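Atoms considered below: every heavy atom in the structure, side chains included; atoms not considered: hydrogens, waters and symmetry mates. Nothing here was measured: the structure is a model prediction, and the numbers come from that model. Chain naming here is simple, since letters A, B, ... match the order of the sequence lines and numbering starts at 1 in each.
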Amino acid sequence: MSTISRRSFIKTGIAAGSVMLASPKDARPAEVKTLPPDRRGVLVDTTVCIGCRRCEWACKNAHSLPAGDITDYDDESVFANKRRPDDKALTIVNRYEKIGDERFPTNVKIQCMHCEQPACLSACIVGAFKKDDTGAVVWDTDKCIGCRYCMVACPFQIPAFEYEKALDPKIMKCDFCIDRQKNGELPACVEICPAEALTFGKRSELITLAHRKIELFPERYYNKVYGEAEVGGTSWLYLASREFMELGFLKLGTNPAPGVSESIQHGIFAYFVPPIAFYALLGGVMWLNKNRNRGEE
Amino acid sequence: MKKLLLFIIATVSFISAQNNMRRMSADLNCSTCHSCENPTKSNPCLKECLRHEIITVHNSPSDGPENIILNFIKTKNDLFKPVNFSHKVHSEMAEMSGGCTTCHHYNPPGDILSCRECHENDRARKDISKPDLKGAYHQQCLNCHRELELNTECESCHAYNSQVSLKSKADAQKTFKPTGSHKTVTRPAVLTYKSSYQKGSVVTFHHKDHIDLFGLNCTQCHTSQNCGDCHTAKSLKEAKPVAVNKNSDHALCKDCHDVKGNSCNKCHAENVKPGFEHKRSTGFDVSRFHGDLRCTQCHTKGFKGLDPNCFSCHQGWTPETFRHGKTGLILDEIHVELDCENCHKELNFRIKPDCSDCHDDKSFPEFLPGKKGTIK
Ligand code: SF4
Ligand code: SF4
Ligand code: SF4
């Protein structure tokens with residue numbers, strides 16, 4: 001059921017359009033929300049992760065996605081290819097062999113980073129995204145019109161789209177198990193991880209912990225906490241034994257991505273004189289389409 | 001509070017049970033454990049447990065339990081049965097590397113602390129500075145198992161719980177239960193090495209003497225051995241010899257031996273050197289009265305050489321306390337009353353006693369001031 005009326009959609013659209021009309025040149029990131037100091041995060045220690053992929057299984061189960069048998073996840077042949085999270089697996093683990101010592105490959109779990117200043121949120125034209133007080137970046141499926149701007153905007157290429165669904169396809173990504181968190185439970189992946197490669201806690205404490213680990217075991221860790229500063233900081237943080245770029249991590253600046261994404265949009269709109277017209281056309285068509293699909297259900 | 005108590009108990013037993021401690025890292029002082037200058041009972045300012053820096057006490061594998069069933073972590077739907085951990089076999093394996101510390105990295109004097117004494121059995125916990133119990137177990141076990149076995153399959157240690165539906169894995173119920181003991185590692189008596197030193201290319205290493213005579217522990221030289229150094233995953237039964245890193249800068253020897261200056265010929269020679277013998281090397285025969293002692297019981301401040309005068313060590317000897325029978329001569333009633341120097345001139349016990357001060361017609365050893373025999 002849609003909870004957004006045609007009128008409120010148009011209002012949001014006009015508001016979004018008018019912001020852009022008002023300041024087309026000096027694009028500024030959307031107003032930064034003050035985040036609660038005790039917001040949560042997860043420290044992923046890739047030197048501890050054994051690549052058992054139990055987190056993948058638990059994540060699917062927690063989100064009612066087909067998960068299969070747990071022993072299926074012992075199959076290491078999946079590591080032959082580098083995978084990405086998608087609409088059927090909100091998190092996946094990739095393996096990076098260590099040249100010269102096959103006993104200690106680095107396993108890297110990937111999911112939404114839950115940015116402090118999320119690009120997906122800024123890019124979303126209907127305001128479906130929200131940075132929750134837990135630190136989770138979540139979205140309202142009912143508001144989502146499927147425009148996929150978030151997919152383009154996300155510096156980590158996380159949001160996935162249910163392309164295979166003919167009816168009412170949705171955006172999918174890790175939601176930091178917000179429902180479980182609100183119930184006082186740990187995120188499903190954190191709970192199952194046998195080696196506690198995933199440490200759940202206050203983001204500030206995780207950063208302290210990460211630096212302490214580096215200080216105590218300098219021979220074990222590469223001296224960097226990925227996510228501490230990238231794109232303005234992320235709730236999920238990573239430790240690794242080697243240069244992050246060797247492990248599929250992107251080299252990103254410390255500026256929040258929203259500014260970047262907005263300029264992309266502005267770039268697009270430079271050729272469409274009144275951007276609102278494009279929004280109205282594109283967004284409106286999509287929204288009507290979506291509603292028609294609903295009606296046919 | 002519990003930890004503080006443990007610590008205090010540990011400290012007390014440290015003072016009283018020094019003999020239990022056969023190995024201990026060298027510089028232990030207040031600041032090893034305390035972060036402030038004046039720790040008090042209410043504010044002991046204990047440092048966080050530091051894996052590598054913390055004090056550690058050696059215990060023998062037979063001091064610990066044979067097997068431990070690790071059933072401390074229970075949840076609603078456990079996928080696995082508890083692990084049956086063969087503690088003894090593992091501690092015997094650890095003997096060849098870091099000893100107890102390999103796993104019990106926080107190992108103060110007193111009873112060995114188990115993992116769950118420090119690692120909370122709760123993942124959603126307040127103090128995230130150390131892993132929870134489940135994480136600690138897995139991190140500890142998998143570190144070696146990854147190194148040795150090249151696999152991390154759950155079933156190598158766990159059996160699946162039967163209520164968990166399994167569509168594959170016929171052998172999923174199999175649990176790994178090592179039994180018995182690690183075979184005793186044969187220790188060579190003497191090893192010879194070839195060096196490039198021209199004036200003496202042969203270095204003779206009296207391996208047995210270093211253990212039996214000088215009291216070294218395996219791990220003092222074999223510092224970072226682990227299972228994988230001798231065994232491969234494919235053939236656990238076969239083992240290649242334990243290796244030591246004997247590189248040319250004398251890394252192994254220089255902790256105890258002076259390797260600079262003119263001391264080369266202490267170890268380097270043209271031919272195989274005989275082992276250490278106290279009388280030949282120092283002129284002082286330890287075989288008669290001092291044979292049971294460890295070197296460091298007399299040489300408390302290094303091997304600089306000691307004053308051979310008995311009183312330099314045995315300061316408390318008087319005619320009343322010295323049991324002369326230990327020397328093989330039980331003094332008779334008259335002589336037992338005399339001062340030592342009445343017979344032993346200038347208190348030099350290595351010179352034959354002089355009887356002529358009192359007796360014109362008697363001399364030692366034709367006439368004895370008592371009878372032969374020993375007091376036990
Ligand atoms: S990683 Fe991407 S999807 Fe996740 S919060 Fe950041 S921008 Fe949004
Ligand atoms: S936090 Fe939840 S949704 Fe995100 S990867 Fe973990 S289990 Fe999946
Ligand atoms: S469950 Fe933990 S150890 Fe296993 S793959 Fe996921 S993060 Fe790594």
Side-chain angles (χ1 to χ4, degrees), chain A residues 40-43 45 47-54 57-58 61 68-76 95 98 101-105 107 180-181 183-187 189-210 212-213 215-220, chain B residues 47-54 73 75-80 83 105 119-120 122-158 160-161 164-172 228 232-233:
Chain A
R40 305 301 150 131
V42 170
L43 175 63
D45 189 336
T47 72
V48 167
C49 173
I50 49 173
C52 67
R53 298 171 55 222
R54 294 313 191 245
W57 181 79
N61 275 327
D69 195 281
I70 193 156
T71 52
D72 298 348
Y73 292 74
D74 289 337
D75 176 16
E76 299 204 337
R95 171 162 294 177
K98 185 171 176 188
D101 190 354
E102 74 281 14
R103 295 171 304 176
F104 288 98
N107 304 301
R180 290 175 58 99
Q181 284 203 51
N183 274 336
E185 289 173 299
L186 290 167
C189 54
V190 172
E191 186 182 80
I192 201 163
C193 177
E196 207 181 37
L198 314 170
T199 309
F200 176 85
K202 288 184 194 155
R203 183 178 186 268
S204 55
E205 286 181 16
L206 292 173
I207 290 174
T208 317
L209 172 66
R212 181 152 171 77
K213 282 187 169 196
E215 184 197 331
L216 281 179
F217 309 110
E219 70 295 336
R220 182 181 178 118
Chain B
K47 283 186 184 169
E48 269 178 68
C49 116
L50 306 172
R51 253 176 188 260
H52 295 322
E53 297 162 33
I54 212 74
I73 308 162
T75 55
K76 280 177 286 172
N77 319 303
D78 279 326
L79 286 170
F80 298 106
V83 170
H105 52 95
H119 294 277
E120 281 176 71
D122 186 5
R123 188 149 289 182
R125 63 202 182 281
K126 235 185 176 152
D127 175 13
I128 53 170
S129 65
K130 38 188 187 300
D132 75 338
L133 187 59
K134 185 174 170 180
Y137 280 145
H138 282 104
Q139 288 183 24
Q140 194 66 64
C141 301
L142 285 162
N143 223 8
C144 299
H145 280 227
R146 280 173 97 180
E147 194 163 339
L148 177 64
E149 291 195 18
L150 317 178
N151 78 41
T152 51
E153 294 227 324
C154 308
E155 302 94 273
S156 25
C157 303
H158 295 272
Y160 276 98
N161 250 337
V164 175
S165 72
L166 293 172
K167 65 170 192 243
S168 54
K169 300 263 173 186
D171 61 345
T232 61

- Query: Counting distance only, does the side-chain N/O of B:His138 pair as donor-acceptor with the main-chain N or O of A:Pro194 below 3.5 Å?
  - Reply: yes

- Backbone N or O of B:Ser129 within a donor-acceptor pair of the B:Asp127 side chain at under 3.5 Å? yes

- Message: For chain B, which candidate among A:Glu196, A:Glu185, A:Glu191 shows the most heavy-atom pairs at distances under 4.5 Å?
- Response: A:Glu196

- Task: Using non-hydrogen atoms and a 4.5 Å limit, figure out which bit of A:Pro187 sits close to chain B: side chain, backbone, both or neither.
- Result: neither

- Measuring heavy-atom distances to chain B, does A:Phe200 have an atom under 4.5 Å in its side chain, in its backbone, in both, or in neither? backbone

- So, the side chain of B:Arg123 versus the backbone of B:Asp132: is there a donor-acceptor pair under 3.5 Å, distance only? no

- Item | Carboxylate-amine/guanidinium contact A:Arg54 A:Asp74, below 4.0 Å | yes

